[in-house]
Amino acid sequence: MNYKELNLIGSSSPHIRTKVGAGHIMGEVIIALLPALGFAIYNFGPRALVNTLVSMLGCCAFEWAYRALLKKSNTVFDFSAALTGMLIAFVCPVTIPYWILLAGDFFAIVIVKQLFGGVGKNFLNPALAARAFMLSWAGEMSTWVAPRTQTALFGAVDAVTYPTPMAYLHENNLEGLMNTYSLPDMLVGFIGGSIGEVSALLLILGGAWLIFRRIITWHIPVSYIGTVAVLTFLFPRGNDPLTWMLYNVLGGGLILGALFMATDYVTSPVSHTGHVIFGIGCGLITVFIRYFGGYSEGVCYAILMMNLTVWIIDKNIHPHRFGVPKAQKAPKKEAEGK
């Protein structure tokens, strides 16, 4: 029989396909974040939920409008825009005006994501890039309320900036921090801070669910959090190294960033070795900014800076080729010659 009569289909890789698509993965991450959102509503009132919904709808609307304007296929239902909106709300204070949230949504979806080709082609994490952009409104982005405060849904929020754990750590005031927030408070989330960053316990449970479901691997979170833990323990700025380390690990956006942002498929390396290098780099930069920077938190900028190094990590750290035993790896010079 002539091969032309076999109705063979020629296509580019990948040739192995599964039912697990982008929508399934993004949906799993959103589900993993729901417990932290529930606690945020309890801790800061219903405005935490409204902020999250406004941001999610804003991102979806901007993605739909951009792709409709350019007559491209609709990608709203892969939930990537919804997840970006959820994460943007999570890294903002509950008092953030809705219009600033929408400005961040526009920057994340249109500037960072769509202008570079859409999902899978952005080189920066859209939610963190949006947060860096939104810090242009520094006053609004640094107005924190006390835990278990019910904030108004509409109109100007009459709130007095409440000290967060990171403010105490930035001032090397471990004693003041311990008198304000206990370690159990830090773990559960009865602290001031951004909407989705406060409950370390629920974020860890959500991250563990993603690892169990094989949505992410442990390499980036463990290497990232582990690096911060080791550095803050070895170089404490308080009388008790262990306590100083625990407050640094549980405070700020470290847990949220390590589990839900640094692990973003598009903006992180492809190999497990690359994941570890990426996580260590994030940890080093985070501690450097926290210790020597004028800004009390370093997670956002650490991940963004390491996003810019992914290309060189992937260029020099090659993953194991599928279907080829390790013993048959070609020498480097021979492989380059081919």
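A quick note: this is a predicted structure, and the numbers were derived from the prediction, not measured.
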Report task. May I ask you to decide if I191's main-chain N or O and D185's side chain share a donor-acceptor pair within less than 3.5 Å? Result -> no

Would you mind writing out the side-chain donor-acceptor pairs for residues 201-216 within the sub-3.5 Å range, not counting sequence neighbours?
unit_1	atom_1	unit_2	atom_2	d
W209	NE1	E28	OE1	3.2
R213	NE	E28	OE2	3.0
R213	NH2	E28	OE2	2.7

Query raised in the report: Side-chain heavy atoms under 4.5 angstrom apart, residues restricted to Ile, Leu, Val, Met, Phe, Trp, Tyr: same cluster for I30 and L57?
Result: no

Report task. I would like to know whether F44 and R148 meet side-chain contact (heavy atoms from CB on, under 4.5 Å); could you show each step before the answer? Result -> CA-CA 5 Å; F44 298 119; R148 284 166 284 186; over 6 Å; no

Requested in this report: Grab the two heavy atoms, one from N74 and one from V76, that are nearest each other, plus how far apart they are.
Outcome: OD1-N, 2.9 Å

Query - Distance-only side-chain donor-acceptor flag, T75 / D78, under 3.5 Å - result: no

Requested in this report: Give the minimum heavy-atom separation between P147 and G192, together with the two atoms involved.
Outcome: CD-N, 4.0 Å

Query raised in the report: Considering only heavy atoms from C-beta outward, does the side chain of L246 approach that of M186 to under 4.5 Å?
Result: no

Query raised in the report: When you measure from the side chain of H275 to the backbone N and O of P269, does any donor-acceptor pair fall under 3.5 Å?
Result: yes

Query - Donor-acceptor contact below 3.5 Å, side chain Y291 vs main chain F235 - result: yes

Report task. Would you name the heavy atoms of F260 and A32 that are closest together and state the gap between them? Result -> CE2-CB, 3.9 Å

Query raised in the report: Are S223 and V276 side-chain neighbours, meaning at least one heavy-atom pair lies under 4.5 Å?
Result: yes

Query raised in the report: Does S194 reach the side chain of W144, with side-chain heavy atoms less than 4.5 Å apart?
Result: yes

Query raised in the report: Do you know the tightest heavy-atom contact between S271 and I317?
Result: OG-CG2, 3.3 Å

Requested in this report: Tell me, please, which residues at least two apart from F106 pass ring pair (Phe, Tyr, Trp, His ring centres under 6.0 Å).
Outcome: F62

Query - Path from I100 to I195 over hydrophobic side-chain contacts below 4.5 Å - result: yes

Query raised in the report: Any idea which heavy atoms bring L304 and A132 closest together, and the distance?
Result: CD1-CB, 4.0 Å

Report task. Starting at CE of M245, measure out to CG of D240 and round the result to the nearest 0.5 Å. Result -> 9.5 Å

Do any side-chain atoms of residues 248-259 form donor-acceptor pairs under 3.5 angstrom with protein atoms, and if so which ones, sequence neighbours left out?
unit_1	atom_1	unit_2	atom_2	d
N248	OD1	R290	NH1	3.4
N248	ND2	W244	O	2.9

Scan the side chains in residues 277-288 for donor-acceptor partners under 3.5 Å anywhere in the protein, sequence neighbours excluded, and list what turns up.
unit_1	atom_1	unit_2	atom_2	d
T286	OG1	Y224	OH	2.7
T286	OG1	C282	O	2.7

Query raised in the report: Which distance, rounded to the nearest 0.5 Å, do you find between the OG of S142 and the OH of Y295?
Result: 8.5 Å

Query - Distance in Å, M166 CE paired with E197 CD, rounded so as to fall on 0.5 Å steps - result: 9.5 Å

Please output the side-chain donor-acceptor pairs of residues 170-179 that fall under 3.5 Å, not counting sequence neighbours, one pair per line with the distance.
unit_1	atom_1	unit_2	atom_2	d
H170	NE2	G293	O	3.4
N173	OD1	G176	N	2.8
N179	ND2	E175	O	3.2

Query raised in the report: Can you find a heavy atom in the side chain of R47 that is under 4.5 Å from one in the side chain of Y98?
Result: yes

Query raised in the report: Measuring from D264:CG to I303:CD1, what's the distance to the nearest 0.5 Å?
Result: 10.0 Å

Report task. Measure from the side-chain N and O atoms of N43 to the backbone N and O of F39, and report whether any donor-acceptor pair falls under 3.5 Å. Result -> no

Query - Worked verdict on Q114 versus L70 for side-chain contact (heavy atoms from CB on, under 4.5 Å) - result: CA-CA 11 Å; Q114 292 299 334; L70 272 66; over 6 Å; no

Query - Derivation of the side-chain contact (heavy atoms from CB on, under 4.5 Å) call for I312 and T309 - result: CA-CA 6 Å; I312 196 168; T309 69; 4.3 Å; yes

Requested in this report: Flag the pair R131 / L87 as yes when at least one side-chain heavy-atom distance between them is below 4.5 Å, and no otherwise.
Outcome: no

Query raised in the report: Roughly how far apart are C300 SG and M134 CE, rounded to 0.5 Å?
Result: 10.5 Å

Query raised in the report: Among the clusters formed by ILVMFWY side chains lying less than 4.5 Å apart, do V266 and I109 turn up in the same one?
Result: no

Requested in this report: Look only at the side chain of S136 and the backbone of F133, and say whether a donor-acceptor pair between them is shorter than 3.5 Å.
Outcome: yes

**Report entry** Single-linkage hydrophobic cluster F233~V228, side-chain heavy atoms < 4.5 angstrom
**Finding:** yes

Query raised in the report: For atom CZ of F77, is the number of surrounding heavy atoms from other residues, nucleotides or ligands below 6.0 Å larger than 12?
Result: no

Report summary line: On a heavy-atom basis, the closest approach of V112 and A108 is CB-O, 3.4 Å

Query raised in the report: What is the ring orientation for Y181 with Y168, classed by angle as parallel under 30°, tilted 30 to 60°, or perpendicular over 60°?
Result: perpendicular

Query raised in the report: More than 12 non-hydrogen atoms from neighbouring residues, nucleotides or ligands closer than 6.0 Å to CH2 on W64, yes or no?
Result: no

Query - Rounded distance (nearest 0.5 Å) linking atom SG of C59 with atom CD1 of I88 - result: 4.0 Å

For residues 115-128, run the donor-acceptor check on the side chains, cut-off 3.5 Å, and write out each pair with its distance to 0.1 Å, sequence neighbours left out.
unit_1	atom_1	unit_2	atom_2	d
N122	ND2	L124	O	2.9
N125	OD1	A127	N	3.1
N125	OD1	L128	N	3.1
N125	ND2	M261	O	3.4

Query raised in the report: With the 4.5 Å side-chain cut-off for hydrophobic clustering, are I96 and L49 part of the same group?
Result: yes

Report task. Check the pair M86 / L37 against side-chain contact (heavy atoms from CB on, under 4.5 Å), numbers first and verdict last. Result -> CA-CA 9 Å; M86 190 175 192; L37 175 60; 4.1 Å; yes

Report task. Verify the neighbour count for atom CH2 of W311: are there more than 12 heavy atoms of other residues, nucleotides or ligands below 6.0 Å? Result -> no

Query raised in the report: Are any side-chain N or O atoms of S55 and backbone N or O atoms of N51, one a donor and one an acceptor, separated by less than 3.5 Å?
Result: no

Query raised in the report: Do I289 and M305 have side-chain heavy atoms sitting under 4.5 Å apart?
Result: yes

